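One structure is given below, encoded as structure tokens.
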Protein chains: 2
Amino acid sequence: MNPSRPRIPEATVARLAVYLRVLTGLADGGRAGVSSGELAGAAGVNPAGLRKDLSHLGPCGVRGVGYDVLGLRDRIARVLGVERSRPCVLVGLGNLGSALADYAGFGSRGFEFVGLFDSAPERIGQVIGGRPVRPVTELDRVVAETRATIGVIATPAEVAQSVCDRLTAAGVRSILNFAPVTLTAPAGVDVRQVDLSVELQVLAFLDTQRDAPVPALGGMA
Amino acid sequence: MNPSRPRIPEATVARLAVYLRVLTGLADGGRAGVSSGELAGAAGVNPAGLRKDLSHLGPCGVRGVGYDVLGLRDRIARVLGVERSRPCVLVGLGNLGSALADYAGFGSRGFEFVGLFDSAPERIGQVIGGRPVRPVTELDRVVAETRATIGVIATPAEVAQSVCDRLTAAGVRSILNFAPVTLTAPAGVDVRQVDLSVELQVLAFLDTQRDAPVPALGGMA
DNA sequence: AGCTGTGAAACATTTCACAGCT
DNA sequence: AGCTGTGAAATGTTTCACAGCT
């Protein structure tokens with residue numbers, strides 16, 4: 001209703017990022033318009049939910065017609081803050097960290113990795129995704145110089161907390177953690193946890209439940 | 001209330017996987033008992049929520065005392081189906097796929113990668129996480145032979161849908177997709193999407209909102 | 001006293017149904 | 001007719017408060 005800042009639900013923010021990806025694809029393909037039904041299909045959500053999500057941005061479409069692909073794309077990009085480039089640092093360049101550093105999708109979405117850090121001597125100096133890997137000892141300095149506020153942790157679990165401590169001490173206020181440990185950070189620092197094995201475990205659980213929906217109350221009689 | 005199968009909420013299942021990880025750590029450290037407060041702290045949730053989660057498994061603890069670490073660990077492991085080994089296949093062994101194949105955590109949680117597949121000739125034959133990489137042409141045969149029901153897609157976006165089609169055709173019924181595209185699969189097949197850039201984008205959005213909570217209604221006057 | 005287990009309340013999210021514009 | 005925008009209902013999730021056991 002109020003288009004300025006009635007706070008957008010977090011679940012909606014996550015989906016907006018998906019819509020943005022789909023719209024970018026449509027725009028690149030030359031499409032001019034799209035309906036909520038088609039967009040919802042391509043994003044894997046239901047049409048009413050999509051319209052509800054977009055309603056948080058104020059009116060975006062034309063009734064009876066649909067949405068303008070470029071207009072909607074830019075609107076979402078602006079809300080998500082994609083136009084300003086955000087300096088991020090990434091710590092840990094094993095396979096996962098390398099995959100992240102290498103992922104071209106970040107650059108086009110407003111993220112710039114201004115520092116890649118690792119502690120293994122053999123990785124220092126390697127260039128990944130166009131950036132050199134530096135020793136973690138330089139972390140504090142680089143964060144200060146670039147005013148990076150976002151940090152990504154892709155280290156082994158054992159060192160993740162100490163990396164988190166260094167990041168927060170250096171001034172990072174938002175952390176995305178891929179290491180399978182729960183981090184503790186000072187109040188005011190937002191830590192988000194992504195645990196890849198948890199996702200697989202949920203999938204497996206649902207897989208099992210489907211095959212054995214209600215296996216009788218008594219167990220294996 | 002009913003300890004057999006009143007269906008466990010999905011959000012709870014995800015957290016159970018986290019509790020299991022923490023409990024395994026405590027057990028390895030020789031701890032015998034733990035309270036909901038301490039366990040909740042280590043898992044990053046609130047104590048009441050943790051107890052509510054555990055209530056879905058039926059009584060697990062001792063009032064006035066707490067939980068038995070080993071007993072609770074095993075209970076959760078049984079509910080999540082960790083004891084039976086699940087055959088999984090993984091397609092795409094770039095950095096991300098390699099990180100997944102290499103992650104020791106899977107083995108100890110009931111997952112066994114019975115097949116690693118890639119289409120790049122230079123990757124065929126490489127051994128990652130103790131398993132050789134095979135050509136995707138063998139996918140159908142391996143899925144059939146091993147009766148794998150879980151598939152993980154870590155390919156580039158362009159080929160993810162065709163990989164999904166092959167997996168489902170071969171009999172896979174649960175798919176975890178890391179490629180940044182929305183997959184369509186036949187009814188009865190469960191597809192879960194993990195989009196790493198979405199996580200970062202949500203984090204960035206919250207980061208921005210914090211710095212500019214309510215920037216006046218008129219824009220930049 | 002201490003801590004678990006749980007109904008009930010508060011909150012968030014999703015879905016529905018339809019008014020309203022083109 | 002077609003499709004968006006949105007209040008209201010339905011559903012799901014988190015938090016609270018406290019009864020009940022040790």
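Here is the naming used below: chain letters follow the sequence lines, and residue numbers restart at 1 for every chain. Not measured: the values here are computed from a predicted model.
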> Are any side-chain N or O atoms of B/Thr182 and backbone N or O atoms of A/Ala42, one a donor and one an acceptor, separated by less than 3.5 Å?
Replying inline: yes

> Considering only D/dT6, C/dG7, C/dT4, which nucleotide approaches the side chain of A/Arg51 most closely?
Replying inline: D/dT6

>> Within this structure, what is the CG-CD1 distance for the pair A/Leu57 and A/Ile8, rounded to the nearest 0.5 Å?
In response: 5.5 Å

> Given C/dC3, is OP1 or OP2 found less than 4.0 Å from the side-chain N or O atoms of B/Ser36?
Replying inline: no

>> Would you say A/Asp190 and A/Ser174 are linked by a side-chain donor-acceptor pair, where the criterion is simply a distance under 3.5 Å?
In response: no

> Would you call B/Arg173-A/Asp207 a salt bridge at under 4.0 Å N-O?
Replying inline: no

>> How many whole angstroms separate atom CZ of A/Arg15 from atom C1' of C/dT13?
In response: 8 Å

>> If the cut-off is 4.0 Å, is B/Tyr67 near the phosphate of C/dG5, judged by side-chain N/O to OP1 or OP2?
In response: yes

>> Categorize B/Pro9 for me: base, sugar-phosphate, or nothing, with a 4.0 angstrom heavy-atom threshold over every strand shown.
In response: sugar-phosphate

>> Measure CG/B/Asn46 against C1'/C/dC11 and give the value in whole Å, please.
In response: 14 Å

> Whole Å only: how far is the CG atom of A/Leu57 from the P atom of D/dG5?
Replying inline: 10 Å

> What's the CG-P distance between B/Leu16 and D/dT13, to the nearest Å?
Replying inline: 13 Å

> CZ/B/Arg51 to CG/B/Asn46 distance, rounded to the nearest 0.5 angstrom?
Replying inline: 8.5 Å

> Which of these nucleotides, C/dT6, C/dT14, D/dT15, is closest to any side-chain atom of B/Ser55?
Replying inline: C/dT6

> Where are the stems of DNA chain D, defined as at least 3 consecutive Watson-Crick or wobble G-U pairs with both distances under 3.5 Å?
Replying inline: C:1-22 with D:1-22

> Closest nucleotide of DNA chain D for A/Val65 versus for A/Lys52: which of these residues is on the 5' side?
Replying inline: A/Val65

> Which heavy atom in B/Gln201 sits nearest to a heavy atom in A/Ala17, and how many Å separate them?
Replying inline: OE1-CB, 3.3 Å

>> Can you measure B/Leu50 atom CG to D/dC16 atom P for me and round it to whole angstrom units?
In response: 15 Å

> Separation of B/Glu38 atom CD from C/dG2 atom P, in whole Å?
Replying inline: 16 Å

> In terms of the nearest nucleotide of DNA chain C, which residue is placed more toward the 5' end: A/Asp53 or A/Gly64?
Replying inline: A/Asp53

> Just to confirm, is there a sub-4.0 Å distance from OP1 or OP2 of C/dA19 to any side-chain nitrogen or oxygen of A/Arg63?
Replying inline: no

> Should A/Val189 and A/Leu167 be marked as a side-chain contact (heavy atoms from CB on, under 4.5 Å) after you check the CA-CA gap, both sets of side-chain angles, and the distance that decides it?
Replying inline: CA-CA 10 Å; A/Val189 176; A/Leu167 285 170; over 6 Å; no

> What's the CG-C1' distance between A/Asp68 and D/dC3, to the nearest Å?
Replying inline: 15 Å

> In whole angstrom, what separates A/Leu54's CG from C/dT13's P?
Replying inline: 16 Å

